[in-house]
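To start, the structure itself, in structure tokens.
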Amino acid sequence: MKVSVVILTYNQKNFIGKAIESALAQESNFDFEILVGDDCSTDGAQEVIQSYQNQYPDKVKAILHSKNHIKIQ
């Protein structure tokens, strides 16, 4: 069994690293992955997410959009 932790973000460069680190710090007796979805951030959040994926390729999976799909008005 593998548990998937899902983190969704948009323009949260200053906070996304802390969220990923929090999920990585959890102790468990089962396998888990962290799926980080980004909706085309323009503040550098995607680069932060990619750096975590590079550092923890067995745990962190980046799902990065090249165009914004949800607009909040």
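Counting begins at 1 with the first residue of the sequence. Heavy atoms only: backbone and side chains are in, while hydrogens, waters and symmetry mates are out.
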Show me the side-chain donor-acceptor pairs of residues 7-17 shorter than 3.5 Å, one per line, residues at least two apart or across chains.
unit_1	atom_1	unit_2	atom_2	d
N11	OD1	T42	N	2.7
N11	OD1	T42	OG1	3.4
N11	OD1	D43	N	3.3

Show me the side-chain donor-acceptor pairs of residues 56-66 shorter than 3.5 Å, one per line, residues at least two apart or across chains.
unit_1	atom_1	unit_2	atom_2	d
K59	NZ	D31	OD1	3.2
K59	NZ	F32	O	3.1
K61	NZ	P57	O	2.8
H65	ND1	H69	NE2	3.2

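Sorted by first then second residue, the salt bridge (charged side-chain N to carboxylate O under 4.0 Å, His left out) pairs that include residues 46-55, not counting sequence neighbours, number zero.
Residues forming a side-chain hydrogen bond (donor to acceptor under 3.5 Å, both in side chains) with E21 (at least two apart in sequence, or on another chain): Y52. Residues passing the side-chain hydrogen bond (donor to acceptor under 3.5 Å, both in side chains) test with Q46, sequence neighbours excluded: D38.
Side chain of Q53 to main chain of I49: no donor-acceptor pair is present (N/O by atom type, distance under 3.5 Å, no hydrogens or angles).
Atom NZ of K2 has more than 12 neighbouring heavy atoms from other residues, nucleotides or ligands inside a 6.0 Å radius.
With a 4.5 Å cut-off on side-chain heavy atoms, E33 and L35 count as touching.
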